[in-house]
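Data block below; observations after.
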Amino acid sequence: MREGLLPSTVATVLELSTSGEKARALTELLGEVFDPTETAISAFEIETGVTTLSLNAPWKVEIYFATHPDEEAVRDMLRPIVGDVVDTTPFATVNQQDWVAASLDGLQPVRAGRVLVHGEHDRQAVRVNDVGIEIPAALAFGTGHHGTTAGCLLALDAELKRRRPRHAIDVGTGTGILALALAKQIKRKVVAGDIDAVAVEVAAHNARVNHAPHGLDLYVAPGLRHGKANRPGHFDLVFANILAGPLKRLAPSIARALSDDGTVILSGLLAMDVAGVVSTYRHQGLYLARQSLREGWATLVMKKGGAAPRPRHLRYLPRHLR
């Protein structure tokens with residue numbers, strides 16, 4: 001269950017309005033329970049025109065099912081988190097013709113620095129100096145629009161203005177969009193892995209679509225538990241766009257794989273998760289260099305080696321972590 005990898009057909013969707021804290025809990029619960037090829041969840045902050053970091057800020061959660069689920073079983077699962085509101089929230093049936101149209105609408109071009117994420121129907125939007133990443137609509141409704149993916153692409157753009165990595169890895173690659181964006185710019189192979197074999201197949205397909213079939217060195221395994229990834233001190237750039245819990249668990253292996261002057265770009269965490277993730281990685285010898293907040297989702301750039309500069313934007317970190 002990851003942004004950018006919805007089932008190729010969707011029969012039912014359940015939409016809920018809740019708080020950011022409950023949205024995170026739903027994301028983590030459903031990610032553990034359901035088959036990622038059959039069910040997907042999208043969570044994003046509702047635009048209110050007011051900047052807020054409150055745990056009670058309004059969020060919208062959309063849960064997509066490839067086949068119609070057992071409604072009562074799903075309600076029973078969600079009720080302890082969101083309360084009785086789930087009893088009056090309908091499961092909507094999705095017309096397949098409307099779903100294809102929605103997929104195309106969801107793939108309007110999205111720019112992040114030089115990178116332009118687009119669908120086949122928007123190839124003409126790619127300019128001469130753009131790094132175009134084409135994602136098939138049937139496989140990638142929402143890719144590039146989600147705050148985590150866009151945040152990582154913008155962090156990558158800033159990193160490439162500073163230096164060009166020699167060895168990079170994308171942990172939990174999903175559709176492969178981050179690894180492809182990097183490989184096309186540095187003209188070097190990027191290691192990319194995922195625990196889900198279907199995701200890796202999708203990433204390989206997207207590499208072919210984007211004329212970079214040899215740009216990704218793919219593997220199927222959890223985290224960095226593979227010979228291509230488990231290489232101490234080897235990588236000078238690591239992407240990990242997952243969720244806060246897995247990011248914390250992966251901290252020792254990511255830090256071990258990182259070169260002495262390496263950079264880690266982390267996302268998939270809400271603002272409320274930042275302090276815990278930063279603390280975990282600090283215990284592994286990394287410091288926070290930059291951070292951003294997009295649609296309620298935080299992106300962290302952490303570095304290994306040297307003295308830690310004071311980041312400019314730390315409004316939602318507690319004092320003892322500044």
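Values below: all heavy atoms of this structure, side chains included; hydrogens, waters and symmetry mates excluded.
Here the CG atom belonging to L300 is positioned 10.5 Å from the CD1 atom belonging to I265, to the nearest 0.5 angstrom. Taking CG from D194 and NE2 from H226, the interatomic distance works out to 12.5 Å, rounded to the nearest 0.5 Å.
Of the options L258, L224, V238, a side chain to side chain contact (heavy atoms under 4.5 Å, CB included) to S253 is made by L224 and by none of the others.
Looking at I169 and V171, their side chains come closer than 4.5 Å, going by heavy atoms from C-beta outward. Annotation: side chain of D170 is not in contact with side chain of V191 (no heavy-atom distance under 4.5 Å). Using a 4.5 Å cut-off on side-chain heavy atoms (C-beta onward), F235 and I254 make no contact. Side-chain atoms of H167 and R188, non-hydrogen and from C-beta on, do get closer than 4.5 Å to each other. Between L269 and L247 the shortest side-chain heavy-atom distance falls below 4.5 Å. Between R127 and R111 there is a side-chain heavy-atom pair separated by less than 4.5 Å. Using a 4.5 Å heavy-atom threshold, the side chains of M77 and V74 count as separate. Residues L160 and P165 have side chains in contact (heavy-atom distance under 4.5 Å, counting atoms from C-beta outward).
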Start with the C-alpha gap between R163 and E159, add the side-chain angles, then the distance that decides, and say whether side-chain contact (heavy atoms from CB on, under 4.5 Å) holds.
CA-CA 6 Å; R163 68 169 183 175; E159 184 69 14; 3.5 Å; yes
Take K60 and E62, measure what salt bridge (charged side-chain N to carboxylate O under 4.0 Å, His left out) needs, and give me the verdict at the end.
CA-CA 7 Å; K60 184 177 182 180; E62 298 173 339; 3.4 Å; yes
Under the criterion side-chain contact (heavy atoms from CB on, under 4.5 Å), I'd like the reasoning laid out for T27 against V61: C-alpha separation, chi angles, the key distance, then a yes or no.
CA-CA 9 Å; T27 300; V61 177; 5.8 Å; no
Show your reasoning for whether side-chain contact (heavy atoms from CB on, under 4.5 Å) applies to L216 and K189.
CA-CA 5 Å; L216 305 186; K189 185 170 290 189; over 6 Å; no
Could you please spell out the steps behind the side-chain contact (heavy atoms from CB on, under 4.5 Å) verdict for L153 and V117?
CA-CA 10 Å; L153 288 172; V117 183; 4.1 Å; yes
Residues T148, S267; criterion side chain to side chain donor-acceptor pair (under 3.5 Å); working and verdict:
CA-CA 6 Å; T148 59; S267 197; 4.9 Å; no
Would D87 and R79 count as a salt bridge (charged side-chain N to carboxylate O under 4.0 Å, His left out) if you check the C-alpha gap in whole Å, the side-chain angles of each, and the deciding distance to 0.1 Å?
CA-CA 8 Å; D87 294 323; R79 194 176 296 108; 2.6 Å; yes
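Annotation for C152 and L178: closest pair CB-CD2, 3.6 Å, computed over non-hydrogen atoms. Between M302 and L266, the shortest heavy-atom contact is SD-CD1, 4.2 Å. Nearest heavy-atom pair, R256 versus N230, reported as atom, atom and distance to 0.1 Å: NE-OD1, 4.4 Å. Heavy-atom minimum distance, A251 versus T280: CB-CG2, 3.6 Å. Closest non-hydrogen pair, A168 versus L182, comes out as CB-CD2, 3.3 Å. Between L270 and G20, the closest heavy-atom pair is CD1-O, 3.3 Å.
Note: F65 and F91 have tilted aromatic rings, judged against thresholds of 30 and 60 degrees for the angle between ring planes.
Note on D236 versus R166: salt bridge recorded, some NZ/NE/NH1/NH2 to OD/OE distance being below 4.0 Å.
The closest side-chain donor-acceptor pair between T263 and K303 falls under 3.5 angstrom.
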